[in-house]
Amino acid sequence: MGKNKVKLDFFKLVKREIRIMLKNFSIIYSFSTFFVIASLIFVFSVNDISYVKIFYKSIVWIVLIFSIMLVSENFLNDDFKDGSLKELQFLGFSEESIIVSKSIAMWVMIMIPMLFLVPLVFVFFQITLHELISLLINLFLATPSLTLISILSSLFSVQLKRNKIIQFVIILPFFVPMIIFTTSTGTLFESYNLNENQFLILIGIFFITLPVCLLAGKLIMREINK
Amino acid sequence: MVLEIISVYFRRNKRLIFHNFNLKLAKSQIIILIGENGVGKSSLFDLSVGILKPEKGVIKINEIPINEIDQKKKDFFTYLPHKDSLKDYLTVEENLFNWLELIDIKIRKEKVLNSLKFFKLNNLKNNLIGNLSQGQRKKVSLTKLLLSKCNLWILDEPFNGLDINSINKTKKMICNHKANGGSVLLASHINLNIEGSKRIFIKSPKLKISNKITNFDSWEKIK
Amino acid sequence: MIFNLANPLRFQRLIEKIEPITLNIAIILLLVGLFFCFFGSPPDYLQGETVRIMYIHVPCAWFSLMIYSIIALCSIFSIVFKHTLADLISRSCAPIGACFTLATLLSGSIWGKPTWGTWWVWDARLTSELVLLVIYLGLIIINNAYEDKSKADRYSSILAIIGIINLPIIKWSVDWWSTLHQPASISKFSSPSIDPSMLLPLFIMTFSFFFFFISILLVRVRGEIIQRKIEVIRFNRMV
């Protein structure tokens with residue numbers, strides 16, 4: 001009974017978050033637009049398309065990370081400002097379920113639409129179909145952990161009144177392993193020879209990120225109202 | 001006792017704001033906490049709903065210690081904090097339905113619309129919250145009280161930004177709740193009165209006691 | 001016993017006694033160690049005189065990891081027990097750790113130029129050490145970002161706990177991936193693959209660095225305690 005109740009609560013939270021996100025469509029729209037435009041700016045700045053072809057993964061990843069962090073900051077800050085984060089807490093929802101439901105909502109509403117935009121961007125980048133598919137799987141597997149980490153980072157900065165840039169400084173190092181494993185194209189880290197295991201490693205990273213983010217997020221959420 | 005706060009010590013920003021604080025709220029009783037800004041009224045509410053933890057002392061709702069209630073907190077009290085947790089980009093109606101779903105109450109739409117009539121908000125029901133004035137926002141969050149089925153209401157500054165007419169309506173609502181056996185704990189920084197209510201003036205505790213030098217060491221805090 | 005010492009005021013009195021001793025030991029050991037480094041040990045048959053960088057590089061690297069583990073332990077302690085002294089220690093450790101990490105990276109890159117022919121390679125150990133430096137910087141920044149110090153302590157201890165993940169990666173990166181950086185030569189369980197004449201100065205330097213670290217740490221902790229005292233006094237006077 002108790003377990004069932006927790007489950008129901010959890011789905012209710014996810015549903016609620018998604019419903020709220022749907023109303024706030026501008027955030028999805030601006031994220032997608034930012035993603036497309038920022039990737040294109042790389043193309044314009046490089047001039048020679050052959051370089052873009054080599055670095056396509058890195059470009060997408062850097063743009064993705066920054067846009068995710070911008071969005072998540074917005075996302076949680078709103079909740080903190082209007083008190084709904086606090087409301088969820090005093091109504092008795094556990095911190096873990098709040099964090100996970102927010103991440104799921106963010107993943108479904110922001111990351112999945114983004115995946116549909118990726119092929120559009122890559123018309124401009126002129127990469128092969130095979131590369132595109134591998135990139136899509138790559139993004140699909142890595143975005144859950146990216147979302148979790150960025151939610152955590154915005155939790156860190158939610159109480160800061162000034163100098164919000166800190167969240168980027170403190171949390172960016174934790175993106176390093178993911179960037180290394182996802183973008184390793186065989187040039188920089190040739191000795192690792194990861195290409196076959198890349199997807200498995202991404203899944204592995206997710207299962208490391210999840211408990212760590214839940215634990216840290218729970219600790220932060222308890223501090224947040226003090 | 002609906003709400004019991006027993007010898008609570010609480011410290012915020014090194015400042016001991018509650019020093020052996022006691023409060024008892026019985027059935028069909030209204031307690032108004034009156035105090036200056038920064039005296040810790042909102043902290044007291046956060047303490048009593050379990051968001052903050054006291055350094056020492058027990059808080060009970062319906063005879064159950066607050067930290068032992070989990071998952072079912074929403075059936076015990078309705079708390080309207082200072083931040084109203086209304087989403088700017090949702091309409092009045094959507095906000096209310098979202099809230100109702102969170103606290104597991106299923107009410108027909110007509111009833112919700114009826115309760116909006118209490119504060120004459122029914123023609124604003126499709127407006128976005130972001131377009132409403134401060135007072136109208138407050139009214140929307142006070143409408144939640146009409147829909148809730150909880151016995152205990154905890155209201156943080158419910159009269160802020162309301163006009164005289166709505167203040168009287170709210171007072172009437174609170175009195176009605178009391179007559180039906182409910183209890184209300186509310187805070188105010190102005191000296192207001194509601195019929196049949198008990199008023200408690202909060203002052204910050206004597207600072208000489210609260211801030212001895214050794215107190216900066218948390219290990220030597222009152223245990 | 002630990003809790004007895006854990007009172008900051010008592011700890012401060014203890015520091016005042018210990019601190020000059022440790023500093024003296026550090027200086028003496030440093031002088032002896034430097035003598036052995038330059039005159040008492042032979043040059044390497046492959047690397048020549050540059051091997052002497054090792055006597056700085058290796059202890060610094062060890063301490064960069066050790067200080068982080070101290071911070072992590074204190075953070076766990078401070079989250080579980082909400083203890084001021086743990087906060088003070090982790091707060092004062094962060095800049096020291098950052099300095100040791102920076103020294104490791106700098107001396108390593110100076111060493112790398114003659115042996116590998118480049119100042120920097122993107123190999124697993126170097127990368128993870130660099131990440132450690134960035135985490136240290138994050139800790140320092142977060143310690144100073146919040147007006148309320150106790151809040152800053154909470155957040156930085158949470159960050160430190162997340163950062164623990166990096167420690168095993170640094171430690172075993174040379175074993176997990178085939179890197180340019182050589183694997184550990186000195187291990188507790190097997191006989192070291194390093195000549196005793198080189199081992200001696202290395203250990204002397206390590207101990208010297210250890211005492212140096214302790215004395216700096218104690219000075220910083222005392223500073224922090226005094227600062228908090230001032231805050232309390234000012235606070236008392238204000239109210």
Side-chain angles (χ1 to χ4, degrees), chain A residues 1-30 74-98 101-102 105 109 158-159 218-226, chain B residues 10-14 17 42-43 45-55 61 66-91 93-95 97-106 128-130 137 140-141 144 148 150 154 156:
Chain A
M1 167 63 201
K3 213 172 186 180
N4 209 5
K5 174 103 181 167
V6 172
K7 224 169 159 184
L8 278 178
D9 272 352
F10 178 67
F11 284 120
K12 204 164 65 190
L13 276 183
V14 174
K15 245 165 65 189
R16 174 180 182 270
E17 291 297 333
I18 288 180
R19 202 180 314 129
I20 291 175
M21 283 282 254
L22 273 176
K23 293 289 172 190
N24 191 8
F25 210 76
S26 71
I27 200 171
I28 305 169
Y29 175 73
S30 54
N74 228 319
F75 189 58
L76 264 154
N77 228 15
D78 278 0
D79 274 359
F80 182 71
K81 266 192 194 143
D82 63 18
S84 44
L85 208 60
K86 189 170 163 184
E87 187 184 43
L88 291 178
Q89 273 175 295
F90 71 68
L91 285 177
F93 295 99
S94 69
E95 282 89 353
E96 290 93 339
S97 63
I98 297 173
S101 63
K102 281 207 186 300
M109 298 310 296
V158 95
Q159 266 192 320
K218 186 174 182 152
L219 290 174
I220 299 175
M221 295 264 279
R222 294 211 169 140
E223 290 299 315
I224 236 168
N225 290 307
K226 281 185 187 162
Chain B
F10 180 70
R11 191 183 295 266
R12 194 182 56 197
N13 262 341
K14 293 205 271 313
I17 49 176
S42 304
S43 299
F45 290 166
D46 284 356
L47 279 169
S48 46
V49 298
I51 293 184
L52 297 179
K53 301 233 167 1
E55 250 171 46
I61 291 184
I66 188 79
N67 46 356
E68 284 169 25
I69 309 173
D70 51 337
Q71 293 298 325
K72 284 181 299 182
K73 267 188 188 168
K74 44 189 173 270
D75 306 330
F76 284 77
F77 55 79
T78 304
Y79 174 32
L80 298 187
H82 180 64
K83 293 174 179 170
D84 49 16
S85 70
L86 299 171
K87 291 275 169 203
D88 276 347
Y89 39 83
L90 262 62
T91 65
E93 211 183 336
E94 284 164 346
N95 261 308
F97 277 112
N98 263 345
W99 179 76
L100 283 173
E101 209 200 351
L102 267 189
I103 58 167
D104 280 327
I105 293 183
K106 293 202 171 54
L128 296 184
I129 288 285
R137 259 182 106 120
V140 175
S141 63
K144 288 177 179 175
S148 87
C150 300
I154 303 176
D156 195 355

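Chain letters run A, B, ... following the sequence lines, proteins first and then strands; every chain starts at 1.
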Inset, instruction - Look up atom CZ in A:F90 and atom OG1 in B:T78, then write down how far apart they are to the nearest 0.5 Å. - result: 9.0 Å
Inset, instruction - Among the options A:Q89, A:R222, A:K81, pick out the one with the most heavy-atom pairs lying under 4.5 Å from chain B. - result: A:K81
Inset, instruction - Taking the side chain as every heavy atom from C-beta outward, state whether A:K23 and B:K87 have any atom pair closer than 4.5 Å. - result: no
Legend entry - Rounded distance [0.5 Å steps], CG in B:L80 versus CD in A:E87: 9.0 Å
Legend entry - A:K86 to B:Y79 six-membered ring, cation-pi geometry met (6.0 Å, 45°): no
Legend entry - Atom pair CG/NZ of B:D104 and A:K12 - distance to nearest 0.5 Å: 3.0 Å
Legend entry - B:K83 side, atom NZ; A:D79 side, atom CG - distance, nearest 0.5 Å: 11.0 Å
Legend entry - Contact class of B:F77 relative to chain A, heavy atoms under 4.5 angstrom: side chain
Inset, instruction - Report yes if some heavy atom in the side chain of B:Y89 is under 4.5 Å from a heavy atom in the side chain of A:D78; otherwise report no. - result: yes
Inset, instruction - Go through the side-chain N and O atoms of B:N98 and A:R16 and say whether any donor and acceptor fall under 3.5 Å apart. - result: no
Legend entry - Residue part contacting chain B, namely of A:I20, when any heavy atom lies under 4.5 Å: both
Legend entry - Toward chain A, the part of B:D84 with a non-hydrogen atom under 4.5 Å: both
Legend entry - Full working for side chain to side chain contact (heavy atoms under 4.5 Å, CB included) between A:D82 and B:L86: CA-CA 6 Å; A:D82 63 18; B:L86 299 171; over 6 Å; no
Inset, instruction - Below 4.5 Å from any heavy atom of chain B, which atoms of A:L85 appear? Answer side chain, backbone, both or neither. - result: neither
Inset, instruction - Measure the CG-CG distance between A:N24 and B:L90 for me, rounded to the nearest 0.5 Å. - result: 8.5 Å
Inset, instruction - Evaluate the side-chain proximity of A:L88 to B:L102: yes if any heavy-atom separation is below 4.5 Å, no if none is. - result: yes
Inset, instruction - Could you grab the distance from atom CD of B:E94 to atom CZ of A:R19, nearest 0.5 Å is fine? - result: 9.0 Å
